[in-house]
Amino acid sequence: MKYETGDKKLGMSAAGIVGLIFTPLGALFMTLGVLFHYFDIGDEPEDPVIILAVFGSLGLIFFVVGLALLFYESKRRAGMRRAIDGGEYVMAKIAGVKQLNNQQRAGIAPYVVECHYIDPDTGEAHVYFSRCLRFNPSDLLTAQEVPVYLDRMNDKVYFVDIDAVLPKVVIHNQ
């Protein structure tokens with residue numbers, strides 16, 4: 001069965017989230033540095049140059065790091081789309097659900113589903129992890145195996161289609 005990429009939730013990695021924060025923050029600092037220099041902010045004659053150097057260089061560092069992280073995220077998501085669009089998948093056995101206590105978002109630690117697949121040709125065991133989920137899916141899984149889409153060009157690129165083994169989930173927060 002072939003799905004369109006638009007049907008899949010690819011999720012955002014921590015690097016992508018940091019990139020979304022660093023890039024505009026860096027642009028803001030660079031802009032402030034240029035504006036402070038342009039309007040000669042400061043008491044001493046060399047103050048505008050110092051302010052430009054500090055704000056501009058700090059902003060440039062944040063901006064470049066943010067762009068690099070966004071590029072990495074874009075490349076990661078493109079690889080996942082390529083794996084899904086390629087349509088080649090294996091059925092991996094669901095091994096368990098893990099909570100990532102080191103990646104809290106809004107005070108909630110996300111969950112990932114761990115899946116195992118043994119390649120019959122090589123005998124190698126492969127361990128895959130789903131995208132982060134905001135709820136514990138342990139009692140909601142509808143199957144023992146989950147499709148894992150593989151990119152045949154790069155064996156490190158994959159997509160665990162966790163939504164294929166979950167019912168439609170509506171989260172209610174107060």
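Residues: numbered from 1 along the sequence shown.
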| query | Pairs in or reaching into residues 86-97: which pass salt bridge (Lys or Arg N to Asp or Glu O under 4.0 Å), with residues at least two apart or in two chains? | reply | E88-R152
| Considering residues at least two apart in sequence or located in another chain, which fulfil the side chain to side chain contact (heavy atoms under 4.5 Å, CB included) criterion with A109? | Q99, N101, Q104
| Is there side-chain contact between F135 and V169, with at least one heavy-atom pair below 4.5 Å? | yes
| request: Would you list the pairs meeting ring pair (Phe, Tyr, Trp, His ring centres under 6.0 Å) in which at least one residue belongs to residues 151-174, sequence neighbours left out? | output: Y128-Y158
| query | Would a distance-only check, ignoring hydrogens and angles, find a side-chain to backbone donor-acceptor pair under 3.5 Å from S130 to I162? | reply | no
| task | List the steps, then state whether side chain to side chain contact (heavy atoms under 4.5 Å, CB included) holds for L141 with L166. | result | CA-CA 5 Å; L141 297 170; L166 284 173; 3.8 Å; yes
| Qualifying salt bridge (Lys or Arg N to Asp or Glu O under 4.0 Å) pairs, either residue in residues 162-174, two or more places apart | R131-D163
| Looking at F63 and T23, what are the two nearest heavy atoms and their distance? | CD1-O, 3.3 Å
| task | Just jot down the side chain to side chain donor-acceptor pair (under 3.5 Å) partners of S138, sequence neighbours excluded, or say none. | result | N136
| request: Can you tell me which residue pairs pass the ring pair (Phe, Tyr, Trp, His ring centres under 6.0 Å) test with a partner in residues 10-60, sequence neighbours excluded? | output: F22-F62, F29-F55, F36-F55
| query | Do V160 and V146 come within less than 4.5 Å of each other through their side chains, counting heavy atoms only? | reply | yes
| Of all residues at least two apart in sequence or in a different chain, which pass the side chain to side chain contact (heavy atoms under 4.5 Å, CB included) check with Q103? | L100, R105, P110, C132
| Linking I/L/V/M/F/W/Y whenever any side-chain heavy atoms sit under 4.5 Å apart, do L140 and V97 land together? | yes
Side-chain donor-acceptor pairs under 3.5 Å in residues 66-78, sequence neighbours left out?
{"from": "E73", "atom 1": "OE1", "to": "S13", "atom 2": "OG", "distance (Å)": "2.4"}
{"from": "E73", "atom 1": "OE1", "to": "R76", "atom 2": "NE", "distance (Å)": "3.2"}
{"from": "E73", "atom 1": "OE2", "to": "S13", "atom 2": "N", "distance (Å)": "3.4"}
{"from": "E73", "atom 1": "OE2", "to": "R76", "atom 2": "NH2", "distance (Å)": "2.8"}
{"from": "R76", "atom 1": "NH2", "to": "G11", "atom 2": "O", "distance (Å)": "3.0"}
{"from": "R77", "atom 1": "NH1", "to": "G11", "atom 2": "O", "distance (Å)": "2.6"}

| For L52, the rest of its hydrophobic cluster, which grows through side-chain links under 4.5 angstrom | V34
| request: Following the transitive rule for hydrophobic clusters with a side-chain heavy-atom cut-off under 4.5 Å over Ile, Leu, Val, Met, Phe, Trp and Tyr, establish whether I108 and Y111 coincide in one cluster. | output: no
List, one per line, each side-chain donor-acceptor pair under 3.5 Å for residues 115-126, sequence neighbours excluded.
{"from": "H116", "atom 1": "NE2", "to": "E114", "atom 2": "OE2", "distance (Å)": "2.6"}
{"from": "D119", "atom 1": "OD1", "to": "D121", "atom 2": "N", "distance (Å)": "3.0"}
{"from": "T122", "atom 1": "OG1", "to": "E124", "atom 2": "N", "distance (Å)": "3.3"}

| request: State which residues pass side chain to side chain contact (heavy atoms under 4.5 Å, CB included) with E44; sequence neighbours excluded, sorted by chain then number. | output: E46, D47
| Any side-chain heavy-atom pair of I94 and V113 under 4.5 Å | yes
| Which residues share a side chain to side chain contact (heavy atoms under 4.5 Å, CB included) with N173, sequence neighbours left out | R134, I171
